[in-house]
**Q** 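If you scroll down you'll find the structure; I have some questions about it.
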Amino acid sequence: MLLQQLSVLALLLLCPVWADNFYQDATVTFGDHRTQIQDGGRLLALSLDKISGSGFQSKNAYLFGRFDMQLKLVPGNSAGTVTTFYLSSQGAGHDEIDFEFLGNSSGQPYTVHTNVYSQGKGNKEQQFRLWFDPTSSFHTYSIVWNSQRIIFLVDNIPIRVFNNHEAIGVAFPKNQAMRVYASLWNADEWATQGGRVKTDWSMAPFTASYRNFNTNACVWSAALSTLSCEGSKTDSVNNDQAWQTQELNGNDRNRLRWVQQKYMIYNYCADAKRFSQGLSPECKRSRF
């Protein structure tokens with residue numbers, strides 16, 4: 001397949017593409033009127049009621065890049081709700097890179113659930129508590145995806161790195177173009193304390209807000225079987241195309257340790273009971 005044959009060298013010659021207007025760059029996938037684009041296209045609000053949630057996807061598909069989204073999560077009693085921001089190729093054998101925000105009862109912190117799928121297989125979960133109130137103001141959640149690693153960031157602080165360990169037999173998402181997706185939906189059968197706390201529908205509709213959707217990435221055209229970064233503009237925040245080889249420096253590693261030591265609440269690499277046949281091979285390697 002032509003897409004699988006694209007070289008990293010070709011990617012390094014490409015420029016970033018930005019998306020910052022939801023009218024132009026997003027398509028509603030479900031929920032109808034529950035998805036509201038506001039402020040001239042700069043803000044998008046998703047809502048959830050007892051009938052349906054809502055969601056959208058990017059019009060473009062991408063192969064590697066940096067993806068930034070500012071979110072303000074559902075306030076108050078958000079138990080049972082799940083707000084998402086993720087990349088996915090969809091379909092059988094899909095690749096996926098997930099940010100999922102699991103709501104909770106009033107006064108309790110949100111759980112940030114991360115996962116990586118490659119060729120339809122996931123089971124790479126890490127979960128964290130946030131160290132701030134994600135409902136009182138917007139915060140930036142970012143995914144850096146290149147051929148060597150995936151970096152999850154919150155307000156530009158790395159919380160997780162998933163390295164490419166294909167050399168030891170671990171699949172890595174690098175051959176399938178992915179779109180950006182976002183949604184707000186009810187998952188009270190599992191999301192809040194394993195389903196013990198149910199959604200309080202008297203609080204509905206629940207609302208989460210998205211803004212500053214920026215992609216510094218390479219766009220895949222299925223019709224032309226090509227990658228393109230036409231019409232880009234310089235990304236001064238993310239240092240142009242630094243994402244293509246981005247890794248953690250010393251300061252980043254210190255911040256990652258801080259987050260993982262103080263705020264990580266689940267790590268698949270430490271769950272020997274769940275993976276009784278043995279942990280995945282990358283768990284024996286450095287988390288950096």
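Everything numeric here is computed off the predicted structure, so don't read it as measured data. Positions are given from 1 along the sequence.
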**Q** List the residues meeting ring pair (Phe, Tyr, Trp, His ring centres under 6.0 Å) with His113, not counting sequence neighbours, and say none if there are none.
**A**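 Checked His113 against ring pair (Phe, Tyr, Trp, His ring centres under 6.0 Å); zero matches.
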**Q** Would you name the heavy atoms of Arg160 and Thr114 that are closest together and state the gap between them?
**A**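 So the minimum-distance heavy-atom pair works out to NH1-OG1, 2.9 Å.
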**Q** Partners of Tyr86 by ring pair (Phe, Tyr, Trp, His ring centres under 6.0 Å), sequence neighbours excluded?
**A**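 Once residues adjacent in sequence are excluded, the partners of Tyr86 under the ring pair (Phe, Tyr, Trp, His ring centres under 6.0 Å) criterion are Tyr181.
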**Q** Would one find more than 12 heavy atoms of other residues, nucleotides or ligands at under 6.0 Å from atom CD1 of Ile168?
**A** yes
**Q** With side-chain contact (heavy atoms from CB on, under 4.5 Å) as the test, would you mind laying out the steps for Trp220 and Tyr62 before giving the verdict?
**A** CA-CA 5 Å; Trp220 168 250; Tyr62 307 92; over 6 Å; no
**Q** Shortest non-hydrogen contact from Tyr141 to Pro134?
**A**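 Of all heavy-atom pairs spanning Tyr141 and Pro134, the closest is OH-CB, 3.8 Å.
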**Q** Step by step, work out the side-chain contact (heavy atoms from CB on, under 4.5 Å) result for Phe138 and Tyr210.
**A** CA-CA 8 Å; Phe138 284 92; Tyr210 296 73; 5.9 Å; no
**Q** For Phe128, which residues count as a ring pair (Phe, Tyr, Trp, His ring centres under 6.0 Å) partner, sequence neighbours excluded?
**A** none
**Q** So which heavy atom on Tyr266 is nearest to which on Phe275, and how close?
**A** OH-CE1, 4.3 Å
**Q** Members other than Tyr117 in its cluster, when Ile, Leu, Val, Met, Phe, Trp, Tyr link by side-chain heavy atoms under 4.5 Å?
**A**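 For Tyr117, no cluster forms, as it stays isolated from other hydrophobic side chains.
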**Q** Heavy atoms only: give me the nearest Phe172-Asn164 pair and the separation to one decimal.
**A** CD1-CA, 3.5 Å
**Q** Check the side chains of Ser88 and Arg179 for a donor-acceptor pair under 3.5 angstrom, ignoring hydrogens and angles.
**A** no
**Q** In the hydrophobic clustering (ILVMFWY, side-chain contacts below 4.5 Å, transitive), which residues join Ile265, or is it alone?
**A** none
**Q** Look at atom NZ of Lys59 and say whether more than 12 heavy atoms of other residues, nucleotides or ligands are closer to it than 6.0 Å.
**A** yes
**Q** Please enumerate all residues that pass ring pair (Phe, Tyr, Trp, His ring centres under 6.0 Å) together with Trp190, with sequence neighbours excluded.
**A** none
